[in-house]
Amino acid sequence: MDRRTPPPATAPPACAECVRLGDEQRTAHAEGDYSRESDCRVLLTRHRAAAHEGEE
């Protein structure tokens with residue numbers, strides 16, 4: 001019986017919009033702009049639901 005851990009699943013290619021919104025969210029947080037950070041989080045959630053069939 002092989003008890004080794006299976007290799008991790010291959011990650012899907014990065015989505016440019018996901019990357020852009022994630023970067024903007026981190027920048028907003030670093031600048032203390034929590035309203036913009038929240039807006040980015042909402043936009044990212046909506047984008048993932050629409051473009052990536054709801055994946056988190």
Side-chain angles (χ1 to χ4, degrees):
M1 180 184 215
D2 187 2
R3 293 181 179 250
R4 290 179 287 180
T5 303
T10 304
C15 169
E17 186 67 3
C18 288
V19 172
R20 184 187 73 76
L21 288 168
D23 288 346
E24 187 170 342
Q25 181 182 351
R26 284 185 291 279
T27 299
H29 179 80
E31 293 173 352
D33 188 346
Y34 303 116
S35 176
R36 190 170 110 221
E37 178 188 13
S38 179
D39 291 345
C40 291
R41 187 171 31 257
V42 169
L43 291 172
L44 185 56
T45 300
R46 287 180 183 170
H47 165 73
R48 286 178 177 157
H52 303 292
E53 299 177 17
E55 71 184 40
E56 290 288 324

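These numbers come from the heavy atoms of this one structure, side chains and all, not from hydrogens, waters or symmetry mates. Computed from a predicted structure; not experimentally measured.
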Worksheet entry | side-chain hydrogen bond (donor to acceptor under 3.5 Å, both in side chains) partners for Asp23, two or more places apart | Arg26
Worksheet entry | Residues which pass side-chain hydrogen bond (donor to acceptor under 3.5 Å, both in side chains) with Arg41, listed by chain and number, not counting sequence neighbours | none
Response to the item:
For Gln25, the side-chain hydrogen bond (donor to acceptor under 3.5 Å, both in side chains) test, sequence neighbours excluded, returns none
Discussion item. Run the side-chain contact (heavy atoms from CB on, under 4.5 Å) test against Arg46 and tell me which residues pass, sequence neighbours left out.
Written reply: Val42
Practice prompt. Name all residues meeting the side-chain contact (heavy atoms from CB on, under 4.5 Å) criterion together with Asp33; count only those two or more places apart in sequence or in a different chain, and write none if there are none.
Written response: Ala28, Ser35, Arg36
Worksheet item: How would you list, by chain and number, every residue that makes a side-chain contact (heavy atoms from CB on, under 4.5 Å) with His47, sequence neighbours excluded?
Response: Cys15, Glu17, Cys18, Leu21, Ala51, His52
Worksheet item: In the hydrophobic clustering that connects Ile, Leu, Val, Met, Phe, Trp and Tyr at side-chain heavy-atom distances below 4.5 Å, which members other than Tyr34 occupy its cluster, ordered by chain and number?
Response: none
